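Heads up: numbering here begins at 1 and tracks the sequence. Counting convention: from 1, in listed order, for ligands and their atoms alike. Quantities reported herein were computed from a predicted structural model and do not represent experimental measurements.
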Amino acid sequence: MKILRTIASAQKLTTQLRIKNKVIGFVPTMGYLHNGHLSLIREARKKADIVFVSIYVNPLQFAPNEDLSRYPRDFIRDEMLCRKGGVDYIFYPSNEMMYPEGYSTYAIVEKLTDGLEGKIRPGHFKGVTTIVLKLLNIVQPHFSVFGQKDAQQAAVISKMVRDLNVNTKIKVLQTVREADGLAMSSRNVYLTKEQREDAPFLYRALQFAKRKLELENYNKDIAFLHGQMSKLIKSRKTATKIDYISFNDYETLREISSLKNAKNSKILVSLAVRFGKVRLIDNIVIKR
Ligand code: PAF
């Protein structure tokens with residue numbers, strides 16, 4: 001496994017790999033890898049000749065009041081996990097490499113970024129789409145693998161790739177969970193013992209919605225479900241703030257306010273909840 005720190009070296013290599021018809025699979029990450037990332041790497045390993053992982057905590061997707069400086073980092077451990085996972089190349093650039101002085105070009109996806117995370121974290125998706133487009137131009141992968149836990153991110157990136165005709169495929173894999181249902185996330189390490197005990201209630205709330213929505217003759221509406229989920233989460237002392245619980249069309253991300261408008265559709269139920277300073281997101285997709 002090799003570590004590439006410059007754009008020129010990565011781009012030169014991937015250009016040569018493409019000429020040799022090698023299939024390049026790519027997993028972009030911000031490091032501090034967990035089993036969720038490892039499942040994305042496994043998928044890439046199954047389908048690609050060459051597996052690239054990028055490790056880069058992208059400052060552009062963090063607002064000034066967010067956790068950029070506290071974001072967990074452990075490159076030595078990440079390197080070991082990538083080696084074990086059969087990764088061929090890690091792209092590990094510096095901020096100066098990715099955003100040199102005078103940098104001024106951005107990728108913006110409209111509409112899909114208006115709600116959910118985009119509403120609570122203005123500017124976040126501009127940072128995500130800009131860095132992902134840059135990484136795709138550098139790594140030139142045939143396909144890239146993302147996790148469903150960041151459902152809106154996956155939808156926004158897929159849209160950008162379609163709209164800008166980027167020559168790559170986007171695969172989205174199921175969220176990997178701890179035994180008690182908590183979605184794996186690099187931010188879980190911040191949770192105190194009490195917060196960690198309460199955090200699985202997010203998944204319980206999502207499952208509550210799933211059970212109800214899958215009932216054939218379910219005769220209550222979104223507002224009721226929202227209220228019940230909210231009650232369940234608020235019953236946990238360490239869940240300090242619900243940023244949102246939202247029901248959206250899975251394809252368009254349009255908000256669904258009544259089940260009458262959601263026949264034969266896939267509903268994305270998603271939530272973001274703060275446990276003190278730790279903000280967790282999760283979601284589930286329900287077919288009706
Ligand atoms: O999901 C992430 O870890 C990041 O948003 C990504 C896609 C690596 C871009 O920085």
Side-chain angles (χ1 to χ4, degrees), residues 4 7 10 24-41 43-44 51-63 66-75 77-78 81-82 85 87 89-95 97-99 103 105-109 112-113 116-118 120-139 141 143-161 164 166 168-176 183-190 270 272 278-283:
L4 304 170
I7 294 170
I24 306 170
F26 178 41
V27 182
T29 81
M30 297 207 295
Y32 214 76
L33 304 180
H34 51 67
N35 278 332
H37 296 114
L38 299 184
S39 80
L40 308 183
I41 291 172
E43 175 68 13
V51 176
F52 255 84
V53 168
S54 63
I55 297 182
Y56 179 59
V57 183
N58 172 34
L60 202 61
Q61 68 190 75
F62 291 79
E66 292 183 345
D67 58 351
L68 172 63
S69 60
R70 293 196 313 133
Y71 197 84
R73 292 162 169 90
D74 189 344
F75 184 70
R77 183 174 156 274
D78 288 344
L81 289 171
C82 284
V87 170
Y89 296 97
I90 298 180
F91 180 54
Y92 185 52
S94 63
N95 286 338
M97 178 76 38
M98 294 314 274
Y99 302 111
Y103 186 91
T105 305
Y106 305 93
I108 294 171
V109 175
L112 278 185
T113 55
L116 304 171
E117 288 300 286
I120 304 280
R121 304 181 67 189
H124 169 67
F125 283 117
K126 174 180 168 187
V128 171
T129 40
T130 299
I131 193 65
V132 171
L133 185 57
K134 282 167 73 68
L135 290 169
L136 292 175
N137 282 330
I138 295 163
V139 177
F143 69 89
S144 309
V145 198
F146 292 85
Q148 171 67 28
K149 186 176 82 72
D150 297 294
Q152 189 178 16
Q153 168 172 284
V156 167
I157 290 169
S158 302
K159 179 83 171 113
M160 172 183 77
V161 162
L164 295 181
V166 184
T168 194
K169 287 208 163 59
I170 302 297
K171 287 173 179 261
V172 183
L173 293 200
Q174 291 244 316
T175 304
V176 179
M184 290 203 182
S185 161
S186 304
R187 290 185 167 98
N188 290 351
V189 292
Y190 297 144
S270 56
V278 191
R279 183 174 182 275
L280 299 181
I281 60 171
D282 200 355
N283 68 76

Give every pair formed by an N or O atom of ligand 1 and a protein N or O atom closer than 3.5 Å, one pair per line with both atom names and the distance to 0.1 Å, or write none.
residue	atom	partner	partner atom	Å
ligand 1	1 (O)	Gln153	NE2	2.8
ligand 1	5 (O)	Gln61	NE2	2.9
ligand 1	5 (O)	Gln153	OE1	2.7
ligand 1	10 (O)	Gln61	OE1	2.7

For the residue pair Phe52 and Tyr89, does the interplanar ring angle fall in the parallel (under 30°), tilted (30 to 60°) or perpendicular (over 60°) class?
-> parallel
Does the Asn58 side chain pair with the main chain of Met30, one donor and one acceptor, at a distance under 3.5 Å?
-> no
Does any non-hydrogen side-chain atom of Gln148 lie less than 4.5 Å from one of Asn283?
-> yes
Donor-acceptor pair, Lys134 side chain versus Met98 backbone, under 3.5 Å?
-> yes
For the ring pair Phe146 and Phe143, is the centre-to-centre distance below 6.0 Å?
-> no
Sequence neighbours excluded, the answer for salt bridge (charged side-chain N to carboxylate O under 4.0 Å, His left out) partners of Lys159 is Asp163
